[in-house]
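Beneath this line is the structure, given in structure tokens, with notes to follow.
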Amino acid sequence: MPELPEVETVRRDLHRLLRGQWVKNVSVNKEKMVRGSTSLFKRNLRGLLVQGVKRRGKLLIFSMTDDKSLLVHMKMTGQMIYQSKQTLVGGGHGQPRVKRDELPNKYTHVVIVFGDGARLFFNDMRQFGYMRLVNAKQLEQVVKRFGVEPLSKAFTPDKLRRLVRGRKTSLKNVLLDQRGVAGLGNIYVDELCFLAGVRPMRRADKVTDREIVKLHKAAINVLKRAIAARGTTFNSYRDGLGGEGKFVRMLKVYGRSGKLCVRCKTILKRVKIGGRGTVYCPVCQK
DNA sequence: ACGAGTACCTGTCGGC
DNA sequence: TGCCGACAGGTACTCG
Ligand SMILES: [Zn+2]
């Protein structure tokens with residue numbers, strides 16, 4: 001589910017809402033969603049203050065006091081949803097006008113309660129995600145495995161050129177590899193390949209310098225616009241307040257196989273690359 | 001070292 | 001209706 005724009009949207013929401021809050025209580029309904037000992041996790045997290053919320057690639061990082069960090073990966077269907085103590089959107093006279101989604105629900109695996117009574121729900125239908133509490137040294141070990149942040153100055157056409165050099169796998173596989181560029185996923189790789197006019201199944205080391213420049217520009221462009229739209233809600237993605245992202249309206253190829261190309265009206269094709277569904281325009285992309 | 005394939009879960013959708 | 005297979009935003013592992 002969440003790729004860089006979605007995780008960044010959640011990060012911004014939660015940073016604003018949780019900075020300065022302290023953890024009053026932690027409940028874990030499904031132990032496998034917490035890496036390591038659940039009892040240690042609860043005991044060590046309780047009492048810490050949230051100093052800020054950061055992100056590396058698709059990994060959410062809550063910077064806590066005591067040199068600890070709470071790592072959260074939402075994988076495909078994870079959600080991190082905040083609710084203040086007074087949560088009902090009221091009609092003003094008892095009954096809430098809008099029936100909001102009830103939390104916790106059957107996919108809520110961890111609930112963190114803060115000092116002011118606000119709650120943070122970690123939901124994950126497919127249970128691929130995880131939470132992990134680490135110290136400074138462990139954080140460094142985790143973070144150093146990620147490649148360049150695509151919205152940082154370090155991400156240049158030259159950097160991308162070096163990443164495809166000598167790679168016999170597909171361009172798509174290189175772009176999805178988090179050790180190279182951190183944060184791209186299936187949606188935005190398909191989208192940026194369309195914007196750049198390059199087929200994602202092309203052998204990475206056969207992509208030309210001109211195309212590299214276009215891919216680099218398209219990556220930055222699509223990620224920035226997706227963040228501005230608060231991400232893509234295709235199915236389960238929700239922002240830090242349970243709201244939906246609006247970028248699905250802007251998608252040119254992802255989820256549109258069999259439909260007409262927005263640029264040339266050709267029928268979009270679907271193939272599999274590295275086990276991932278992939279959509280492209282056979283005319284606009286070379 | 002690299003690249004390909006599979007496992008981890010639960011749900012939805014389309015075909016018969 | 002029901003059953004069955006394919007598919008879903010991501011990694012982490014194994015094998016050759
Ligand atoms: Zn086209």
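Convention: sequence-line order gives letters A, B, ...; per-chain numbering from 1.
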Under 3.5 Å, which donor-acceptor pairs link side chains of residues 134-160 of chain A to any protein atom two or more places apart or in another chain?
| from | atom 1 | to | atom 2 | distance (Å) |
| --- | --- | --- | --- | --- |
| Asn135(A) | OD1 | Lys137(A) | N | 3.1 |
| Asn135(A) | OD1 | Gln138(A) | N | 2.8 |
| Gln138(A) | OE1 | Asn135(A) | N | 2.9 |
| Glu149(A) | OE1 | Arg55(A) | NH1 | 3.0 |
| Glu149(A) | OE1 | Arg55(A) | NH2 | 3.1 |
| Glu149(A) | OE2 | Arg56(A) | NH1 | 3.0 |
| Glu149(A) | OE2 | Gly57(A) | N | 2.7 |
| Ser152(A) | OG | Glu149(A) | O | 2.7 |
| Ser152(A) | OG | Ala154(A) | N | 3.4 |
| Thr156(A) | OG1 | Lys159(A) | N | 3.0 |
| Asp158(A) | OD1 | Arg161(A) | NH1 | 3.0 |
| Asp158(A) | OD2 | Arg162(A) | NH1 | 2.5 |

Cation-pi between Arg199(A) and Tyr280(A): NZ/CZ under 6.0 Å from ring centre and within 45° of the ring axis? no

Could you spell out the base pairing of DNA chain C as a dot-bracket line? Use Watson-Crick and G-U wobble contacts where both distances are under 3.5 Å, [ ] for crossing pairs, | for partners on a different strand. .|||||||.|||||||

Distance, rounded to the nearest Å, where Arg35(A) contributes CZ and dT11(C) contributes C1': 9 Å

Taking every heavy atom of Leu176(A) against every heavy atom of Leu184(A), the minimum-distance pair comes out as CD2-O, 4.1 Å

Rounded to the nearest 0.5 Å, how far apart are OG of Ser27(A) and NZ of Lys42(A)? 7.0 Å

Is the phosphate of dC7(C) approached by Lys272(A) (side-chain N or O, under 4.0 Å from OP1 or OP2)? yes

Using the heavy-atom set of chain A and a strict 4.0 Å cut-off, write down the first and last nucleotide of DNA chain B that makes it in, 5' to 3'. dG3(B) to dG11(B)

Test of understanding: with ring-ring contact (aromatic ring centres under 6.0 Å, His included), list the residues that count as partners of Tyr107(A), not counting sequence neighbours. none

Assign each of His73(A) and Gly277(A) the nucleotide of DNA chain C bearing its closest heavy atom; nearer the 5' end lies the nucleotide of Gly277(A)

Does atom CZ of Arg263(A) have more than 12 heavy-atom neighbours from other groups under 6.0 Å away? no

What is the separation between atom NZ on Lys246(A) and atom P on dG9(C), rounded to the nearest whole Å? 21 Å

Separation of atom CD in Glu6(A) from atom C1' in dA8(C), rounded to whole Å: 14 Å

Check ion pair Asp239(A)-Arg12(A) (N to O, under 4.0 angstrom): no

Would you compute the distance between atom NE2 of His73(A) and atom CZ of Phe128(A) and round it to the nearest 0.5 angstrom? 12.5 Å

Gap between atoms CD and P, on Glu191(A) and dG9(C) respectively (whole Å): 12 Å

Expressed as a whole number of angstroms, how long is the span from Arg276(A):CZ to dA12(C):P? 13 Å

Is any side-chain N of the basic residue among Arg276(A) and Asp190(A) closer than 4.0 Å to the acidic one's carboxylate O? no

Quick one, which residues of residues 158-178 of chain A touch DNA chain C with a heavy atom under 4.0 Å? Gln178(A)

Report yes or no: does Gln51(A) contribute a side-chain atom to a donor-acceptor pair with the main-chain N or O of Gly20(A) at less than 3.5 Å? no

Report which part of the nucleic acid Lys106(A) touches: base, sugar-phosphate, or nothing (heavy-atom distance under 4.0 Å, all strands). sugar-phosphate

Residues within residues 125-136 of chain A bordering DNA chain C, heavy-atom distance below 4.0 Å: Arg126(A), Phe128(A)

Expressed in angstrom and rounded to an integer, what is the separation of Leu60(A) atom CG from dT11(C) atom P? 13 Å

For the CZ atom of Arg256(A) and the SG atom of Cys261(A), what is their distance to the nearest 0.5 Å? 7.5 Å

Rounded to whole Å, how long is the line connecting atom CG of Leu4(A) with atom P of dT11(C)? 11 Å

Any chance you could measure Lys24(A), atom NZ, to Asp116(A), atom CG, to the nearest 0.5 Å? 8.0 Å

It should be established whether Lys58(A) places a side-chain nitrogen or oxygen under 4.0 Å from OP1 or OP2 of nucleotide dG9(C). no

Are any of Asn186(A)'s side-chain N or O atoms less than 4.0 Å away from OP1 or OP2 of dG9(C)? yes

Checking all strands, does Arg270(A) fall into the base, sugar-phosphate, or nothing category for heavy-atom contacts under 4.0 angstrom? sugar-phosphate

